[in-house]
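The following block contains the structure, expressed as structure tokens.
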Amino acid sequence: MNITTTGIIGAGQMGGGIAHVCALAGYDVLLHDISTETLQSALATINGNMARQVKKGRISEEDRDQALKRITTADTLADFGRCDIVLEAVTEDEAVKRDLYAQLCPHLPPATLIASNTSSLSITRLAAATDRPGKFMGAHFMNPVPLMELVELIRGIATEDATYEIVEGFVKTLGKRPVKVEDFPAFIVNRVLMPMINEAIYALYEGVGTVEAIDTAMRLGAHHPMGPLELADFIGLDTCLSVMQTLYEGLADSKYRPCPLLVKYVEAGWLGRKTGRGFYDYRGETPVPSR
Ligand code: NAD
């Protein structure tokens with residue numbers, strides 16, 4: 001199977017980034033989001049990020065112009081009938097993803113592959129919500145997609161060998177390094193990373209240190225490029241909570257209990273950078289701890 005057209009559903013932080021790398025690698029890209037505002041802002045972000053790459057000499061102006069021309073937005077899922085692969089990057093909520101697959105599948109030819117960018121959900125269970133479990137798998141890109149090299153590739157129980165091989169080859173053409181991961185909650189990166197972030201939130205909750213103290217400690221003491229609270233804001237606190245819930249429920253172990261403070265922030269709509277406020281407040285010139 002030859003992939004020429006990629007469909008990307010969900011044009012948030014991840015979908016926009018995936019569209020960016022697919023277009024630069026020479027694929028036609030069809031991008032859709034339920035929010036037209038998000039779709040437009042994704043195009044503006046891609047534009048800005050590619051302009052930065054041109055400025056740094058990583059890509060030529062010609063590469064940028066060609067890549068931007070390859071990206072088209074789609075108003076409806078019916079347009080996805082011409083895609084060879086659909087990369088799903090909608091909100092990390094199983095009901096939302098299942099509902100999307102139910103609406104999407106009737107528009108797809110039988111050979112079209114679907115890869116979910118889920119951070120934590122069972123690929124086998126998501127696959128079972130489609131009409132093509134053999135042609136479904138996980139392709140978990142990292143944030144920010146244009147910069148991060150890794151993609152975790154996850155097979156569901158029904159994923160066909162050919163599906164895995166095509167997606168593995170495709171991901172390599174994007175300049176990424178695939179790593180094979182078994183279908184366990186949160187895979188590898190988030191299984192290790194999220195409990196660390198959750199523990200940092202517990203440290204804040206219990207008053208072990210302030211937001212600044214915790215982030216400074218981990219930046220200078222563990223040589224992490226970003227503190228864990230800063231990183232949580234960057235990922236999105238709703239996504240962090242959802243991953244912790246999946247670990248907690250999927251592995252039935254209390255050590256994965258989401259910190260109540262994380263739950264509170266999500267309840268408040270303080271989801272991090274994407275909403276302007278999380279552990280830090282991003283509405284001013286420089287981020288300051290929000291409380
Ligand atoms: P986001 O909130 O930035 O974007 C999600 C987008 O999906 C939103 O724009 C929303 O409008 C859209 N959406 C929701 N329901 C939809 C539907 N039915 N049809 C079309 N669009 C719909 O979230 P994100 O950070 O981009 O995460 C997307 C996926 O990628 C999640 O599964 C998440 O777990 C995963 N992921 C996130 C990160 C990260 O660091 N944020 C990293 C790797 C993977």
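First listed ligand is number 1; within each ligand, the first listed atom is number 1. Every heavy atom of this structure was used, including side-chain atoms; hydrogens, water molecules and symmetry mates were not. One is the number of the first residue; the rest follow in order along the sequence.
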Exercise for the section: Would you name the heavy atoms of Glu152 and Val189 that are closest together and state the gap between them? Expected result: OE2-N, 2.9 Å
Problem - ligand 1 contact by Glu88, heavy-atom criterion under 4.0 angstrom - result: no
Handout entry: Distance-minimising heavy-atom pair for Ile235 and Gln13
Key = O-NE2, 2.9 Å
Fill in the blank from the handout: Honestly, for Val243 the part within reach of ligand 1 (heavy atoms, under 4.0 Å) is neither
Exercise for the section: Among all protein heavy atoms, pick out the one at the shortest distance from atom 34 (O) of ligand 1; state its residue, atom name and that distance to 0.1 Å. Expected result: Ser119 OG, 2.6 Å
Handout entry: Closest candidate by heavy atom, reference atom 31 (C) of ligand 1, pool Ile8, Val90, Leu100, Leu39
Key = Val90
Exercise for the section: Please report which non-hydrogen protein atom sits nearest to atom 16 (C) of ligand 1, along with the residue it belongs to and the distance in Å to one decimal place. Expected result: Ile34 CG1, 3.5 Å
Problem - Within-shell test, Gly236 vs ligand 1, heavy atom, strictly < 4.0 Å - result: no
Handout entry: For ligand 1, the portion of Ile235 having any non-hydrogen atom under 4.0 Å away
Key = both
Exercise for the section: Decide whether the shortest distance between a heavy atom of Met142 and an atom of ligand 1 is less than 4.0 Å. Expected result: no
Handout entry: Shortest protein heavy-atom distance from atom 12 (C) of ligand 1, along with the residue and atom involved
Key = Asp33 OD2, 3.2 Å
Exercise for the section: Let me see the working for Leu237 and Leu262 under side-chain contact (heavy atoms from CB on, under 4.5 Å), right down to the final yes or no. Expected result: CA-CA 7 Å; Leu237 301 191; Leu262 174 61; 4.0 Å; yes
